[in-house]
Student: 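Next up is a structure, given as structure tokens.
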Amino acid sequence: MTTVDITTADFENTVTNNDIVLVDFWAEWCGPCKAFGPVFEKVSGKNPEITFAKVDTDAEQQLGTMLQIQSIPTLMAFREGIAVFRHSGAIPEQALDDLVEQIKGLDMDEVRKAVEDAQAQQGDAQA
């Protein structure tokens with residue numbers, strides 16, 4: 001699968017309706033983004049079962065603000081609608097391949113439990 005461009009309007013739908021989604025936040029003027037783009041595209045070709053999405057932060061400023069994107073490129077990974085990875089800066093191809101394998105291997109029952117525990121602790125701290 002090649003990469004798909006997503007907007008604020010279809011971001012949530014993309015993340016929740018696909019098992020694994022990697023999102024590259026980029027801008028046309030960003031040199032490191034231009035260097036990372038072909039790597040992202042190449043790795044997407046090796047993983048057709050994964051959704052590789054791109055968000056133009058200039059065109060989608062609201063989404064960038066919502067997700068607190070402060071530098072680009074920023075890569076976010078979602079599994080079953082849960083954010084499981086976030087990194088600012090370009091990533092070499094081998095590291096991105098390794099990351100994809102790690103995300104595929106996640107035990108999502110453990111991830112959901114960790115999210116629930118963190119939310120419960122946050123709720124206790126606010127009470």
Student: List the atom of Ile69, the atom of Arg86, and the distance in Å for their closest heavy-atom pair.
Tutor: CD1-NH2, 3.4 Å
Student: Run the side-chain donor-acceptor check on residues 111-120: report pairs under 3.5 Å with partners two or more places apart or on a different chain.
Tutor:
unit_1: Arg112; atom_1: NH1; unit_2: Glu80; atom_2: OE1; d: 2.4
unit_1: Arg112; atom_1: NH2; unit_2: Asp109; atom_2: OD1; d: 2.8
unit_1: Lys113; atom_1: NZ; unit_2: Asp117; atom_2: OD1; d: 3.4
unit_1: Lys113; atom_1: NZ; unit_2: Asp117; atom_2: OD2; d: 3.2

Student: How far does OG1 of Thr7 sit from CG of Leu63, to the nearest 0.5 angstrom?
Tutor: 8.0 Å
Student: When you look at CD of Gln62, are more than 12 heavy atoms from neighbouring residues, nucleotides or ligands closer to it than 6.0 Å?
Tutor: no
Student: Return the set of residues passing side chain to side chain contact (heavy atoms under 4.5 Å, CB included) with Lys104 (not counting sequence neighbours), or none when no residue passes.
Tutor: Ile20, Asn47, Glu49, Ile50, Val100, Glu101
Student: Val39 and Pro92: which non-hydrogen atoms are nearest, and at how many Å?
Tutor: CG1-C, 4.2 Å
Student: Just checking, is any N or O donor in the side chain of Glu60 or Thr8 under 3.5 Å from an acceptor N or O on the other one?
Tutor: yes
Student: With Thr51 as reference, evaluate Thr14, Asn18, Asn17 under the side chain to side chain donor-acceptor pair (under 3.5 Å) test and give the passing residue.
Tutor: Asn18
Student: Could you grab the distance from atom CZ of Phe85 to atom CG of Leu99, nearest 0.5 Å is fine?
Tutor: 4.5 Å
Student: State whether a side-chain donor-acceptor pair under 3.5 Å links Gln102 with Asp98.
Tutor: no
Student: Could Asp24 and Lys54 be called an ion pair, given the rule that one side-chain N must be under 4.0 Å from one carboxylate O?
Tutor: yes
Student: Enumerate the side chain to side chain donor-acceptor pair (under 3.5 Å) contacts for residues 63-75, please, sequence neighbours excluded, ordered by first and then second residue.
Tutor: Ser71-Ser88, Thr74-Ser88
Student: Does anything in residues 12-47 pair up under ring-ring contact (aromatic ring centres under 6.0 Å, His included), and if so which pairs, sequence neighbours excluded?
Tutor: Phe36-Phe40, Phe40-Phe52
Student: Sort and list the pairs that fulfil ring-ring contact (aromatic ring centres under 6.0 Å, His included) and have at least one residue in residues 59-80, not counting sequence neighbours.
Tutor: Phe11-Phe78
Student: Less than 4.5 Å apart, any side-chain heavy atom of Glu93 and any of Val43?
Tutor: yes
Student: Over all heavy atoms of both residues, which pair between Ala83 and Met76 is shortest? Give the atoms and the distance, please.
Tutor: CB-CE, 4.4 Å
Student: Taking it one step at a time, do Leu75 and Leu96 satisfy side chain to side chain contact (heavy atoms under 4.5 Å, CB included)?
Tutor: CA-CA 10 Å; Leu75 178 66; Leu96 186 54; 3.7 Å; yes
Student: For Thr16, what residues pass the side chain to side chain contact (heavy atoms under 4.5 Å, CB included) criterion, not counting sequence neighbours?
Tutor: Glu12
Student: Under the 3.5 angstrom rule, does the side chain of Arg79 hit a backbone N or O of Ile103 as a donor-acceptor pair?
Tutor: yes
